[in-house]
Protein chains: 2
Amino acid sequence: MALGDAILACLTECPMTGYELAKTFDASIGFFWKADHQQIYRELSRLRDRGHVQGREVVQSGKPNKLVYTLTPEGRAALRHWAARPSSPASMKDDLLVRLYALDSVDIEPLRDDLMARMEHHRDRASRYERILNKRFPQGNAAPADTGKLLLLRMGLRHESMVAEWCEEALEALSAVSSRTNVVPIQVSQHEDNS
Amino acid sequence: MALGDAILACLTECPMTGYELAKTFDASIGFFWKADHQQIYRELSRLRDRGHVQGREVVQSGKPNKLVYTLTPEGRAALRHWAARPSSPASMKDDLLVRLYALDSVDIEPLRDDLMARMEHHRDRASRYERILNKRFPQGNAAPADTGKLLLLRMGLRHESMVAEWCEEALEALSAVSSRTNVVPIQVSQHEDNS
DNA sequence: TCGACTTTTTCGTGTTACGGTAAATAACGA
DNA sequence: TCGTTATTTACCGTAACACGAAAAAGTCGA
């Protein structure tokens, strides 16, 4: 809902090219917001049109020239202005939850596999966040300017641990159900594979 | 990414009209997925075109006639098929997190207000989930067919409590920062209010 | 009785997000 | 020479979201 603003937020750190942004995004805001490079570039040109960022071309010898984008005062003001408005809570919107909702109309074998994969995924991320936390904020506190980043990481850690734990619980609950499994081989025929 | 499938999942419960779906969605899947009635109706016609649901018109005296949508066998198969594919973890994508990331380029007063409102919001939802859990699953366990719904509610409860708790922590951390606040009145002038 | 609200469906229009495919340019390394 | 990395850009489509509007029938309170 505000990829543009997310990019502006990223650019408050330092001026960057689209390429760098696409990489950096993944290591900061990208923890909770995916955006591929096409999205980033498109959004950057839109921001440039609005005057919120300014692109300076840097001639490079070895590589194609790059466009370093800098936050303009207008962009900075827009970010502040945007940040001053109340936020709306994000929805979770997870496929897994929909599948669980329709649990008895669905095959549980693949669901179980899915849950296990997800559990590992969330555990991985949790330990990743923990590692970063320990490295960047060993004392558990941060300089005022970094407070937000510390809070972000803590949120990420909590979220991932919580979901991983929940996956575990869900797997247990599924085991209890799996006895009366309706094991019917899935039909791939007849109708197309849309959705 | 799969509103259609979410609707199919909803319809596994019982046949419903678009109007009822729009209401019911809010009280089940809508806990983690917002969709207004226009979206639902449009998706329903698409599903009907694909043959995944079937609409029967029910003539009513007092009110306008309604279209009761029933899951077709094809729809049921499509749902099973969809549910058998691995899910992709949803991203959190919360405005608040972006604002915190750019904490030192942003006014903290409105941020604090926002955090407080959000904390209340998440607390409300947490207690709401708890109430539903106590009412629907007093024993803490569910019939096999309802296991998924129990898990959903537990996830919702955990998520909301976690976020509420995190908001509290964030507010504390902000208090520590707020002493060196850069209190400059926000400019609304000069450039337009886009974004 | 008038006006407001509920029930029920539908249309339209625009933006944002997300996804894939692909191309141009130029170096560096195998 | 072929593949990879760096760097930007273009075009395609679909899905999601947001807003606004309207019909057509009834119910209920002021």
Side-chain angles (χ1 to χ4, degrees), chain A residues 1-7 15-26 29-30 32-50 53 55-69 82 85 88-95 98 193-195, chain B residues 1-8 15-26 29-30 32-50 53 55-69 82 88-95 98 193-195:
Chain A
M1 236 212 134
L3 179 57
D5 296 288
I7 289 179
M16 288 168 123
T17 71
Y19 192 80
E20 286 166 328
L21 253 172
K23 300 254 166 194
T24 311
F25 213 71
D26 204 58
I29 290 184
F32 54 91
W33 193 321
K34 293 285 137 219
D36 56 25
H37 69 282
Q38 294 98 325
Q39 267 176 283
I40 304 248
Y41 280 115
R42 235 174 314 172
E43 201 58 39
L44 274 173
S45 8
R46 238 179 292 176
L47 288 172
R48 193 178 35 191
D49 293 346
R50 283 185 203 153
V53 300
R56 279 176 303 107
E57 186 161 23
V58 172
V59 183
Q60 294 190 121
S61 52
K63 302 157 199 173
N65 297 342
K66 59 183 177 181
L67 262 165
V68 180
Y69 287 98
W82 169 76
R85 304 186 331 193
S88 49
S91 49
M92 316 179 46
K93 202 149 72 146
D94 194 321
D95 285 6
V98 178
D193 187 305
N194 50 13
S195 96
Chain B
M1 236 214 136
L3 178 58
D5 297 289
I7 289 179
L8 292 183
M16 287 168 124
T17 71
Y19 191 80
E20 284 166 329
L21 254 173
K23 298 258 166 190
T24 311
F25 213 71
D26 204 57
I29 290 183
F32 53 91
W33 192 322
K34 293 285 137 222
D36 56 26
H37 68 283
Q38 293 99 326
Q39 265 176 285
I40 306 247
Y41 280 115
R42 234 172 315 172
E43 200 59 39
L44 273 173
S45 8
R46 239 179 291 176
L47 289 172
R48 193 178 35 192
D49 292 347
R50 283 184 204 154
V53 300
R56 279 177 302 108
E57 185 160 23
V58 172
V59 183
Q60 294 190 121
S61 54
K63 303 156 197 172
N65 296 344
K66 59 184 176 181
L67 262 166
V68 180
Y69 287 98
W82 168 77
S88 48
S91 49
M92 316 178 49
K93 203 148 72 142
D94 194 320
D95 285 6
V98 178
D193 185 303
N194 50 13
S195 93

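Just the heavy atoms: all of them, side chains too, but no hydrogens, waters or symmetry mates, feed the values below. In what follows, every chain begins at residue 1, and chains take the letters A, B, ... in the order their sequences are listed.
One can place CG of B:Leu47 at 11 Å from P of D:dA16, the figure rounded to the nearest angstrom. In this structure, the CG atom of A:Asp5 is 12 Å from the C1' atom of C:dT16, given to the nearest Å. Whole-Å rounding puts the B:Leu3 CG to D:dT14 C1' distance at 13 Å. Between the NZ atom of A:Lys23 and the C1' atom of D:dT8 there is a distance of 14 Å, given to the nearest Å. Between B:Ile40 atom CD1 and C:dC11 atom P there is a gap of 16 Å when expressed in whole angstrom units. Rounded to an integer number of Å, the gap from CG of B:Asp36 to C1' of D:dA16 is 10 Å. Going from atom CG of B:Leu67 over to atom C1' of C:dT8 covers 9 Å, rounded to whole Å. The nearest whole Å value for the distance from the CG atom in B:Leu21 to the C1' atom in C:dT9 is 13 Å.
With sequence neighbours excluded, the residues that form a side-chain hydrogen bond (donor to acceptor under 3.5 Å, both in side chains) with A:Arg48 are A:Tyr69.
Distance from the side chain of A:Arg42 is smallest for D:dC11 among the nucleotides C:dT13, C:dT10, D:dC11. Nearest nucleotide to the side chain of A:Trp33, out of C:dT9, C:dG19, C:dA17: C:dA17. The side chain of A:Arg50 lies closest to C:dT16 when the candidates are D:dC11, D:dT7, C:dT16.
For C:dA27, neither phosphate oxygen OP1 nor OP2 lies less than 4.0 angstrom from any side-chain nitrogen or oxygen of A:Lys66. Residue A:Lys93 places at least one side-chain N or O closer than 4.0 Å to OP1 or OP2 of D:dC17. Neither OP1 nor OP2 of D:dA16 sits under 4.0 Å from any side-chain N or O of B:Gln39. When the side-chain nitrogen and oxygen atoms of B:Tyr41 are compared with OP1 and OP2 of C:dT9, one or more of them lie within a distance under 4.0 Å. The shortest distance between the side-chain N/O atoms of A:Arg46 and the OP1/OP2 oxygens of C:dT16 is below 4.0 Å. Applying the 4.0 Å criterion to OP1 and OP2 of D:dA6, one finds that A:Thr17 has every side-chain N and O outside that range.
In this structure, B:Ser91 and B:Tyr69 both approach DNA chain C, and ranking their closest nucleotides by distance from the 5' end singles out B:Tyr69. Both A:Ser45 and B:Glu43 sit near DNA chain D, but only A:Ser45 has its closest nucleotide nearer the 5' end.
The closest side-chain heavy-atom distance from B:Thr17 to B:Val68 is below 4.5 Å. Between B:Leu8 and B:Trp82, the closest side-chain pair of non-hydrogen atoms is not below 4.5 Å. Considering only heavy atoms from C-beta on, A:Glu43 stays 4.5 Å or farther from A:Ile40 through its side chain.
Of all heavy-atom pairs between B:Leu3 and B:Ala35, the closest is CD1-CB, 4.1 Å. Across all non-hydrogen atoms, the minimal contact from A:Lys34 to A:Gln39 is O-OE1, 4.4 Å. A:Tyr41 approaches A:Tyr19 most closely through the heavy-atom pair OH-N, 3.2 Å.
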Give each protein N/O atom lying under 3.5 Å from an N/O atom of nucleotides 21-23 of chain C, with the pair distance.
{"residue": "C:dT21", "atom": "O4", "partner": "A:Gln38", "partner atom": "NE2", "Å": "2.7"}

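Electrostatic pairing of A:Lys23 and A:Glu20 does not count as a salt bridge here, judged by no charged N lying under 4.0 Å from a carboxylate O.
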